[in-house]
Amino acid sequence: MAKLSVNDLNLQGQRVFTRVDYNVPMEESGGAMVINDDTRIRATLPTLEALRAQGARIVLAAHLGRPKGKRVASMSLRPVADKLAELTGHPVAFADDCVGDAAAAAINNLQDGELLLLENIRYHAGEEANDSAFAEQLAAHADVFVNDAFGAAHRAHASTVGIAEVITARGGQCAAGLLMERELQFLGAELEVPDQPFVVILGGAKVSDKIKVIDRLLEKANTILIGGAMAYTFKLALGKSVGNSLVEPDKVDIAQAALDKAAERGVEFLLPSDNLISQMTNGVWADPEVNDAEDIPDSREGVDIGPATAARYAEAITGAKTILWNGPMGIFEDARFAKGTLAVAKAVAAATVAGAISIIGGGDSVKALNQNGLAEQVTFMSTGGGASLKFLEGKELPGVAVLTDK
Ligand code: ADP
Ligand code: MG
């Protein structure tokens with residue numbers, strides 16, 4: 001069911017409680033907290049501009065870190081208000097509590113089109129508990145609710161679900177922000193009936209994190225390419241040796257079930273035929289070697305897909321019409337083990353230029369694209385780690401379900 005979008009509303013003079021994801025990495029420097037990466041703040045700018053253009057009174061709410069219901073000075077959102085003022089070119093007011101008198105006074109001061117950021121909502125235990133009295137307090141000075149925090153939509157908290165229920169019960173509207181709308185479009189609608197060939201690339205550390213996604217995509221994909229450490233659990237299911245590679249021996253059954261389902265449905269399911277192997281001694285990795293045998297020698301770890309596999313995967317990606325990529329092919333944090341991930345990234349970028357829709361879910365895959373300057377060459381990069389996976393599993397996210405249907 002399609003959800004109301006900010007663009008469907010008339011917000012002139014309305015107080016719009018807007019949940020955003022400003023959980024940005026910060027570092028102490030010279031006695032102050034400094035923002036290391038403002039990607040998440042920038043990602044909300046289109047929504048803020050849409051609200052401002054409509055003359056909304058914009059009340060922003062977000063969480064930072066895990067203060068567990070207490071005021072923790074290093075987790076204050078105040079530096080984010082300054083950064084936001086810089087990025088929008090407009091003043092941004094700050095209320096040093098998200099509820100109560102401080103919030104009420106700051107909201108009452110807002111004029112049409114003005115911005116206010118509330119202090120960290122997780123300073124109150126009622127947020128994560130989705131406490132109904134706390135949700136009422138959050139809703140006390142709001143006419144409309146907008147959720148632009150896709151990364152928090154898989155959690156039923158007071159600022160994602162409770163407040164929406166209060167506003168809905170009053171007959172008010174709850175809408176998706178523009179970032180949220182894009183996430184729902186690309187991770188949802190575009191993958192509902194994807195253009196074929198639909199190629200899915202899955203990697204990263206664990207099969208267990210992604211098995212539900214694999215299971216669902218086996219019903220839609222033409223080809224699934226497996227890399228990263230999760231490939232070794234599949235190898236184990238096929239009776240191969242994996243040396244010291246990171247594996248989940250207790251997940252061999254679910255790996256086998258996925259292989260069976262792929263065979264039954266005629267989905268091409270590719271595993272690495274060669275690997276880079278290495279060995280860690282005293283915390284230091286040895287230079288990798290190519291292992292093109294099916295088995296990985298004892299005492300060695302698989303750290304990346306090998307060159308033949310990288311070439312085979314790149315070829316499988318060429319000609320795809322829809323691509324979903326989640327998880328790196330190796331321990332790409334070490335440049336010596338990043339070649340497989342880079343080969344896949346380049347192939348995805350090239351296929352996109354040739355007309356495919358490419359959707360990247362997963363923080364580390366996004367990092368790999370950014371590192372290689374390829375971020376602009378894919379169609380869409382998701383901002384929500386846990387939320388993306390839940391959504392790709394086909395689950396309804398509580399923070400989306402509560403929004404008003406169109
Ligand atoms: P994403 O964030 O894109 O969803 P994950 O978080 O699932 O990806 O996995 C990323 C992590 O997997 C990286 O830290 C990477 O080092 C690790 N990884 C990939 N391949 C291997 C491997 N062969 N052995 C151990 N770790 C691996
Ligand atoms: Mg990750």
Side-chain angles (χ1 to χ4, degrees), residues 23 25 37 39-40 150-151 154 183 186-187 200-214 217 224-236 240-249 251 255 271-280 283 285-286 288-291 295-297 299-307 309-310 313 323-345 348 358-372 374-375 378 380-393:
N23 193 21
D37 180 349
T39 309
R40 286 181 168 162
F150 178 74
H154 59 312
E183 294 275 2
F186 283 106
L187 297 179
V200 175
I201 310 147
L202 291 168
K206 290 181 177 170
V207 173
S208 52
D209 286 344
K210 296 177 185 173
I211 190 64
K212 290 189 185 131
V213 175
I214 297 175
L217 292 173
I224 297 188
L225 311 176
I226 302 283
M230 78 158 78
Y232 305 120
T233 303
F234 284 98
K235 288 275 196 185
L236 215 51
K240 312 292 180 202
S241 315
V242 296
N244 276 341
S245 302
L246 181 62
V247 275
E248 295 173 278
K251 296 294 181 297
L271 293 170
S273 50
D274 62 343
N275 292 279
L276 292 192
I277 56 172
S278 180
Q279 190 178 22
M280 190 185 268
W285 286 108
E289 298 164 79
V290 176
N291 176 66
D295 293 306
I296 291 177
S299 83
R300 294 292 190 279
E301 256 182 73
V303 292
D304 193 7
I305 57 174
T309 303
Y313 284 11
I323 300 166
L324 175 69
W325 177 23
N326 182 300
M329 297 291 102
I331 308 176
F332 74 106
E333 294 89 343
D334 186 316
R336 294 170 294 171
F337 313 154
K339 292 197 183 85
T341 302
L342 179 60
V344 162
V348 171
S358 55
I359 300 163
I360 321 299
D364 290 293
S365 326
V366 167
K367 208 180 281 171
L369 281 165
N370 280 326
Q371 271 175 13
N372 292 293
L374 293 168
V378 297
F380 181 71
M381 298 195 296
S382 177
T383 56
S388 312
L389 282 180
K390 277 275 172 308
F391 199 57
L392 288 172
E393 285 170 14

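First listed ligand is number 1; within each ligand, the first listed atom is number 1.
- When atom types are taken as modelled, the side chain of Tyr313 and the backbone of Ile305 share no donor-acceptor pair closer than 3.5 angstrom.
- Below 4.0 Å from some heavy atom of Tyr232 lie the following atoms of ligand 1, by number and element: 23 (N).
- At a heavy-atom cutoff of 4.0 Å, ligand 1 is contacted by no atom of Lys206, backbone or side chain.
- In this structure a side-chain-to-backbone donor-acceptor pair under 3.5 Å is present from Thr309 to Asp274.
- Nearest protein heavy-atom contact of atom 13 (C) of ligand 1 is Glu333 OE2, 3.2 Å.
- Interface of Leu246 with ligand 1, defined as ligand atoms under 4.0 Å from a residue heavy atom, comprises 25 (C), 26 (N).
- Here the side chain of Glu248 pairs a donor or acceptor atom with the backbone of Ser208 at under 3.5 angstrom.
- Listed by number with element, the atoms of ligand 1 under 4.0 angstrom from any heavy atom of Gly228 are 20 (N), 23 (N).
- In summary, the atoms of ligand 1 found under 4.0 Å from a heavy atom of Gly327, numbered by their order in the structure, are 3 (O), 8 (O).
- Given atom 26 (N) of ligand 1, the protein heavy atom at minimum distance is Ile331 CG1, 3.6 Å.
- Considering both main-chain and side-chain atoms, Ala205 comes within under 3.5 Å of ligand 1 through a nitrogen or oxygen pair.
- Ring geometry for Phe380 versus Phe186: interplanar angle under 30°, hence parallel rather than tilted (30 to 60°).
- The backbone N or O of Thr39 sits less than 3.5 Å from a side-chain atom of Asp37, completing a donor-acceptor pair.
- Annotation: atom 7 (O) of ligand 1 to nearest protein heavy atom, Lys210 NZ, 2.8 Å.
- In summary, the side chains of Ser278 and Glu289 do not present any donor paired with an acceptor at a separation below 3.5 Å, with no hydrogens or angles considered.
- Interface of Asp364 with ligand 1, defined as ligand atoms under 4.0 Å from a residue heavy atom, comprises 1 (P), 2 (O), 3 (O), 5 (P), 6 (O), 8 (O), 10 (C).
- Residue Asp209 places no N or O, backbone or side chain, under 3.5 Å from any N or O of ligand 1.
- Looking at Asp364, its N, O or S atom nearest to the Mg ion (ligand 2) turns out to be OD2.
- Annotation: atom 9 (O) of ligand 1 to nearest protein heavy atom, Gly204 CA, 3.2 Å.
- Inclusion of Gly363 in the set of residues having an N or O under 3.5 Å from an N or O of ligand 1 is warranted.
- With hydrogens and angles ignored, the 3.5 Å screen pairs no side-chain donor or acceptor of Thr341 with any backbone N or O of Phe332.
- Of all atoms in ligand 1, listed by their number and element, those nearer than 4.0 Å to a heavy atom of Gly302 are 22 (C), 23 (N), 24 (N).
- Within the structure, ligand 1 lacks Glu301 among the residues with a heavy atom less than 4.0 angstrom away.
- Atoms CZ and CG, from Arg300 and Asn275 in turn, are 13.5 Å apart once rounded to the nearest 0.5 Å.
- Atoms of ligand 1 lying under 4.0 Å from at least one heavy atom of Ala229, given by number and element, are 20 (N), 21 (C), 22 (C), 23 (N), 24 (N), 25 (C).
- Remark: the backbone N or O of Gly203 is paired with a side-chain donor or acceptor of Lys210 at under 3.5 angstrom.
- Selection from Gly330, Pro328, Gly203 by nearest heavy atom to atom 18 (N) of ligand 1 gives Gly330.
- The distance from the CG atom of Asn326 to the CG atom of Leu187 is 9.5 Å, given to the nearest 0.5 Å.
- Between the side chain of Asn372 and the backbone N or O of Ala368 there is at least one donor-acceptor pair closer than 3.5 Å.
- Atom CG in Leu246 sits 11.0 Å away from atom CE in Met230 (nearest 0.5 Å).
- Less than 4.0 angstrom separates some heavy atom of Ser365 from each of these atoms of ligand 1: 3 (O).
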